[in-house]
Each structure stands twice: as structure tokens, then as C-alpha cells.
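Note that the coordinates shown come from a computational prediction; the quantities given were computed from them, not determined experimentally.
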Amino acid sequence: MPQPSDFSFTLGTRLEGAHGRTGTIHTPHGDIQTPAYTPVGTKATVKAVLPEVVKDLGAQAVLSNAYHLYLQPGPELLDLHGGLGKFMNWDGPTFTDSGGFQVMSLGSGFKKVIDMTGPEAQGKVGSDDAVAPGKERLANVDDDGVWFTSHINGDRHQFTPEVSMRIQHQIGADVMMAFDELTTLHNSRGYQVESLERTRRWAQRSLDAHAQLTEERQHRPYQALYGVIQGAQYEDLRRKACRDLRDMRAEFDGVEAGFDGYGLGGAFEKENLGTIVGWCAEELPEDKPRHLLGISEPDDLFAAIEAGADTFDAVSPTRVGRTGAFYTDSGRINLPRAEFTSDLSPLQDGCDCYTCQNYSKAYIRHLIKADEILSGTLLSIHNLRFTVRLVDDIRQSIIDGDFYEFKDQMLGRYYAKQNRPV
RNA sequence: GGCAGAUUACCCAAGCGGCCAACGGGGGCUGACUGUAAAUCAGCUGGCAUUGCCUUCACUGGUUCGAAUCCAGUAUCUGCCA
């Protein structure tokens, strides 16, 4: 019978002088050495990359999205396949996001665009006027849940914590996220307070629904549930959110249990990302994993790992790759630039990825210019490998005791863009 | 040989007397992208300069206060008729 104890976290090496640590997450589909970056495969595919390649480049897990898979092809089909992993031919651990991100990206995230045309930013984003009136919000929040208008066919769907949990159970990922509301940096403190209270109630409902579904679906391996912490940039709200979720309990077959881990959510400003993660690390239990949602830029990874985050997902490596840019130790670079027209060198000298082992900048640039889809594949592979390797190296530096030296060296080079020959 | 119609910036193409350095594509250049409505999106693309100025719409000449737009001639191209 599946039970919360089927999922666990073992602490490894602690980072001196901070909350950072290494560890191992044990899931029914294998272990994850942390810290770890997990590629995003929203619709049960890491866009443009074969799952075997994702595995070969060192990714330990992938994260998909409940909202997108609910709309298409429907969670029943994944259940029929025996879960997300079997469905997409990924035999390692899997995560799903709850659909909480879409509350923002299809709802208030749109408001952000409108806000930018306001007095403060007037004249800076001329196109928003043209775009804004024609678009409508595709997500509307109330206390019970969120009404989504499908971007695929316009159908209306209500997402509630219970709906999200049912869908995530059907999808069958090893780690699920509680249904939350993601706010933006543009929301007022008043709205953040209101939203956080809603997210707290949704977390309890998610946990209750999860306990019930775990009982109902005993033929499946145990699926872990992370509570998602919001609270924007406010210390009191973040700390309260952590304590609330830390103490939350539900009854699993007569046994009380809480969340199996925690998702750190919200829109972050780079300057205070580490600080916010640090507040959370102080409040959250040390023996539960902490997943920072949607973050993967090198400086953010260092800051968040140092402050105590264990796993990360973000679309950046794949999206940036599909849209023509690549990561290097010296910063992110747009490959379509004319200077690379006949550059026969790999994206990054010394990179061990499949792309760099076999292709030149000039070739991949040609693919982009010629509109060939292989460019997206090759750049995604490189960017994923870059990010996975960076986090692996950070993990090793914690074990070796030279995290801070590695951080200074890496970030010094990465952000010294102005010194880069162009 | 006759008749008709074309000629616009790198390419295609709108414009048919002033609001035109000239719509829109393509191409080119640059930038953005962090729980993916994203193989997407944005800006620039005659020259020079801080509002502005200068040289352009095949060429030459005219009409007009004012022409890419009207007239005449020239060149080239395309149809149709011999």
C-alpha cells in the first residue's frame, strides 16, 4: 500500500555559513541527488529533445504541467498508460505543477502587460496598447478556485484544489504541487495578503484531497505532495506561509501526515531571491526537500542553493534554445548574430554536450537562419546540459567545501559580459 | 511594325497632387525570454545630425504655391495584334 514514507529526503553535506545543503530525494522511480535542476516538459515532452537525450545529458527528473495535460490529451489517457513517465518514455522521477502558474500567466500576468502601459512606463512599450485591448484574461480567480478559458478551444474549465489533485493523481508524477495562486510583483500588498490566505486554504484542501486520493488509488506508487509557499517579497508573509504549510496535516488511512516537501513560488526579483529562500529555509523543516519553482539562471541558482533550495525547474534553457540563444561560462549569447556566420568553433569550448561535441556555431546558426527545427534541438541540448552540469558542479563544490570560491569564479566570469569581445 | 500596360528603397509590393523618407510582407541587423497560450515576441532597416536637416520613387524636361502621384519625350520590360 502506498504511503508517505515511500517518499523521503536524506540530508547530505551542509554548506557552511548558510542554509544550503546536498541531499538525496528518494522516489518510487529513483533517487535525485540534490541540488538538481529538472528540465520542464510541460506537455509531457521536453520540447524538441528526445527523452533518452534528456537522460544522457544528466537530467534526473522532469516536470510537467497538470493544466496543459488536463486540456490535452486529458489525464485519463496518462492514467491509462500507467502515468506520466510511461506515457512520455521517461523512466526517472517526474514532477507536475498544479496549474497554479497558469492562474498568473493566463490571468493576472496579462494585467502586468496592461500595467506597463500605465503612467510609469508610458512610452516604453508602445506595442502593448495594440495587444492589450484585443486580448482577454483566460483565468479568473475566486475563493473556490480558478475559471480558465482554454487557449486551445475556448472551453471554460474550473480548477479547484480538488480538481488539480485529482488530475495530478491521474497524471501520476512522483512529486505534485498543491494548487496555489501565483501573483505578480505588480500586485499590491493588500492583494498579496488576500491571495496568500487563499493559497493557504487551497493548500489544506489540496492536502485533504491528496490524502483521500492516496487511499483511493492504492494500486499506484505513492505520489508526494509539496505545499507551495507564496508571499511575494514580504518577509512576514513568507515566514507565515512556511509555518502554516509546515504545520498542516491530513489523515492518510488513519495516520496524520503533512506535506512531503515544499515548493517555493512567486515572481522574484533577482536581488532578493536568496534572501527570500533563506527566510523559508529558516522556517521549514530541514528534512523535507524544497523545490524552487521556475528558476534556473546561474546567479539565481547560486543564490537559491546557498540559501537552502534543493531542486529547480525552469523553461529557460529550452525556450532560450529554441529561440536561438545559448549559455556559456561567459554569459548568454544570441547565436543569430552576424559575427558567428563562419565561426567553426563549438558553442562553448570544452563543453561535453552532444551538440558541442559534433557541431559548430556556424552550422547551428545556419539552421536557425534556414528555419530548420534541428536548431532548437541542438541548442536545447546544450542549454540543458549547461544548466544540469552547473548545478552538479555546485553540488560537488558543497561536498568539496569550496562552494563560495566556485560561485565567485563562475559568476564573475558569467556576468563580466561587458568584457566579452563582441 | 501597331496597340495597351508596367518601372517605388536589398527583394516583393502599397501609394494615384500636399498629412510621404514613403503602408505591408520578405530579407538583414539588434535585443528580450526563469513553475511554456513562446520553433515566440519587440525594436531598427536612405544619409547625416540633440528637436531637425539633406538626397530619393527608371531617366530628362515641364505643369503647379506644392509631384512618387499630372503632362511630354527617352530607356527597359510585359501582354495582345500583324
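- For the P atoms, the distance linking B:C16 with B:C70 amounts to 10 Å, nearest Å.
- Atom pair A:N334:CG and B:A32:P shows a separation of 6 Å (rounding to whole Å applied).
- If you take atom C1' in B:U7 and the same atom in B:U74, they sit 13 Å apart, rounded to whole Å.
- Contact between the side-chain N/O atoms of A:N65 and the OP1/OP2 oxygens of B:U36 is found at a separation under 4.0 Å.
- In the interface, the side chain of A:T323 is paired with the base of B:C33 through a donor and an acceptor atom under 3.5 Å apart.
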Please enumerate all protein N or O atoms sitting under 3.5 Å from an N or O of nucleotides 25-28 of chain B, with distances to 0.1 Å.
none

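- To the nearest 0.5 Å, atoms CD (A:Q357) and SG (A:C351) are separated by 7.5 Å.
- The aromatic rings of A:H81 and A:F87 lie perpendicular to each other, with more than 60° between the two planes, well past the 30° mark.
- Within 4.0 Å (heavy atoms only), A:E269 reaches no atom of the nucleic acid at all.
- With both ends at atom P, the span from B:U60 to B:U8 equals 16 Å, rounded to whole Å.
- The distance from the CD atom of A:Q158 to the CG atom of A:N140 is 11.5 Å, given to the nearest 0.5 Å.
- What separates CZ of A:R319 from P of B:G31 is a distance of 19 Å, to the nearest Å.
- By the 30° and 60° cut-offs, the orientation of the rings of A:F159 relative to A:F179 is tilted.
- The separation between A:K270 atom NZ and B:A32 atom C1' is 13 Å, rounded to whole Å.
- B:A21 and B:A4: their C1' atoms are spaced 33 Å apart (whole Å).
- What separates CG of A:L69 from C1' of B:A37 is a distance of 15 Å, to the nearest Å.
- The P atoms of B:G47 and B:A9 are separated by 15 Å, rounded to the nearest whole Å.
- In this structure, A:L182 reaches the bases: a heavy-atom distance under 4.0 Å links it to at least one base atom across the strands shown.
- Applying the Watson-Crick and G-U wobble criteria (two distances, each under 3.5 Å), B:C23 pairs with nothing in any strand.
- Ring pair A:F403/A:F302 is tilted by interplanar angle, where 30° to 60° counts as tilted.
- Heavy atoms from other residues, nucleotides or ligands lying under 6.0 Å from CD of A:E235 number more than 12.
- Between B:C11 and B:C57, the two P atoms lie 15 Å apart (nearest whole Å).
- Looking at heavy-atom distances under 4.0 Å, A:T318 makes contact with a base.
- Phosphate contact (OP1/OP2 of B:U40, side-chain N/O of A:R322, threshold under 4.0 Å): absent.
- Both distances falling under 3.5 Å, in either a Watson-Crick or a G-U wobble arrangement, occur for no nucleotide opposite B:U36.
- Rounded to the nearest 0.5 angstrom, A:S150 OG and A:L71 CG are separated by 4.5 Å.
- Pair assignment for B:C65 gives B:G18, based on Watson-Crick or G-U wobble hydrogen-bonding distances that are each under 3.5 Å.
- When heavy atoms are screened at a 4.0 angstrom cut-off, A:I373 is found touching base atoms of the nucleic acid.
- One can place CD1 of A:I333 at 13 Å from P of B:U30, the figure rounded to the nearest angstrom.
- Atom name P, nucleotides B:U63 and B:C71: the rounded distance is 15 Å, in whole Å.
- Among the atoms of the strands shown, none is found under 4.0 Å from any heavy atom of A:A267.
- Atom CG of A:L384 and atom P of B:U36 are 14 Å apart (whole Å).
- Across all strands shown, B:U50 remains unpaired; no Watson-Crick or G-U wobble contact has both distances below 3.5 Å.
- Pairing of B:C80, defined by two Watson-Crick or G-U wobble distances under 3.5 Å, is identified with B:G2.
- Out of B:C33, B:U30, B:U36, the shortest distance to the side chain of A:R337 is found at B:U30.
- Within the nucleic acid shown, A:H68 comes within 4.0 Å of sugar-phosphate atoms alone, with no base atom in reach, counting heavy atoms only.
- Within the nucleic acid shown, A:G266 comes within 4.0 Å of at least one base atom, counting heavy atoms only.
- Below 30°, between 30° and 60°, or above 60°: for A:F148 and A:Y67 the angle between ring planes is between 30° and 60°, a tilted geometry.
- With a 6.0 Å radius and a threshold of 12 heavy atoms from other residues, nucleotides or ligands, A:I373 has its CD1 atom at or below the threshold.
- When Watson-Crick and G-U wobble pairs are counted only if both distances are under 3.5 Å, B:U56 pairs with no nucleotide at all.
- If you measure from atom CG of A:L63 to atom C1' of B:U36, you get 11 Å, rounded to the nearest angstrom.
- Note: CD1 (A:I368) to P (B:A32) measures 15 Å, nearest angstrom.
- With a 6.0 Å cutoff to the six-membered ring centre and a 45° limit on the axis angle, A:R332 does not count as a cation-pi contact of A:F326.
- Counting non-hydrogen atoms under 4.0 angstrom, A:D313 reaches the backbone sugars and phosphates but no base.
- Taking only side-chain atoms of A:L138, from C-beta outward, the nucleotide of B:C33, B:G31, B:A37 with the closest atom is B:A37.
- Using a 4.0 Å heavy-atom criterion, one finds that A:E372 contacts no nucleic acid atom at all.
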Stepwise, does the ring pair (Phe, Tyr, Trp, His ring centres under 6.0 Å) test hold for A:H157 with A:Y70?
CA-CA 10 Å; A:H157 303 273; A:Y70 160 78; 5.1 Å; yes
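- One cannot find a donor-acceptor pair under 3.5 Å joining the base of B:U36 and the side-chain atoms of A:S105.
- In this structure, B:C41 forms a base pair with B:G31, meeting either the Watson-Crick or the G-U wobble geometry with both donor-acceptor distances under 3.5 Å.
- Nucleotides B:G62 and B:A49, compared at atom P, are 34 Å apart to the nearest Å.
- Along RNA chain B, the nucleotide nearest A:K43 and the nucleotide nearest A:D97 are compared for position; the residue whose nucleotide lies closer to the 5' end is A:D97.
- The pairing partner recorded for B:U7 is B:A75, the criterion being a Watson-Crick or G-U wobble arrangement whose two distances lie under 3.5 angstrom.
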